[in-house]
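Keep in mind that what you see is a predicted model, and the values were worked out from it rather than measured.
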Amino acid sequence: MDRMQLGQFGEDLAAQYLRGLGWRILARNWRCKLGELDIVAEDGSDTVVFCEVKTRRRIREQIPVPPLEAITGKKLQKLRQLAMAWLGFS
């Protein structure tokens, strides 16, 4: 499985999980000039949720790496900009 296939596999699992929670998937792999949002969903209370999916091939040293460690301050800023663009504020 190459890197793109692995990413797609992880996003498919994440979307399936969110649907299982009763969430509605509004968009997947939404792109604009700023970049891409992996999943945009709506939870049961009409809240729009922007999901960044990180798929790992394996766990290093058998110690799970918290996914939030993959979201740097720069990445978080980019996600905020993308969310605002998706919502139509830019």
Would a single hydrophobic cluster contain both [Y] and [X], if residues Ile, Leu, Val, Met, Phe, Trp and Tyr are joined by side-chain heavy-atom contacts under 4.5 Å?
X: Leu37; Y: Phe89; value: yes
X: Ile25; Y: Val49; value: yes
X: Leu21; Y: Val53; value: yes

Working note: Trp86 + Val40, criterion side-chain contact (heavy atoms from CB on, under 4.5 Å); need CA distance, chi angles, decisive distance, verdict. CA-CA 9 Å; Trp86 191 89; Val40 181; 3.7 Å; yes
Show me the donor-acceptor pairs within less than 3.5 Å that the side chains of residues 6-18 make with the rest of the protein, sequence neighbours left out.
| from | atom 1 | to | atom 2 | distance (Å) |
| --- | --- | --- | --- | --- |
| Gln8 | NE2 | Asp12 | OD1 | 3.0 |
| Glu11 | OE1 | Asn29 | ND2 | 2.8 |
| Asp12 | OD1 | Arg28 | NH1 | 3.3 |
| Asp12 | OD1 | Arg28 | NH2 | 2.6 |

Which pairs, with at least one residue in residues 40-50 and sequence neighbours excluded, count as a salt bridge (charged side-chain N to carboxylate O under 4.0 Å, His left out)?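 The answer is Arg24-Glu42.
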Show me the pairs that pass salt bridge (charged side-chain N to carboxylate O under 4.0 Å, His left out) and involve residues 70-88, at least two apart or across chains.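 Pairs touching residues 70-88 that pass the test: Glu52-Lys75.
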How many angstroms lie between atom CD1 of Ile39 and atom CG of Leu26, to the nearest 0.5 angstrom?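 The CD1 atom of Ile39 sits 11.0 Å away from the CG atom of Leu26.
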Can you tell me how far apart SG (Cys32) and CE (Met84) are? Round to the nearest 0.5 Å.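 Interatomic distance, Cys32 SG to Met84 CE, rounded to 0.5 Å: 12.5 Å.
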Return the minimal non-hydrogen interatomic distance between [X] and [Y], and the atom names on each side.
X: Leu34; Y: Ala85; value: CD1-CB, 4.1 Å
X: Asp38; Y: Cys51; value: CB-O, 3.3 Å
X: Leu82; Y: Trp30; value: O-CZ3, 3.9 Å

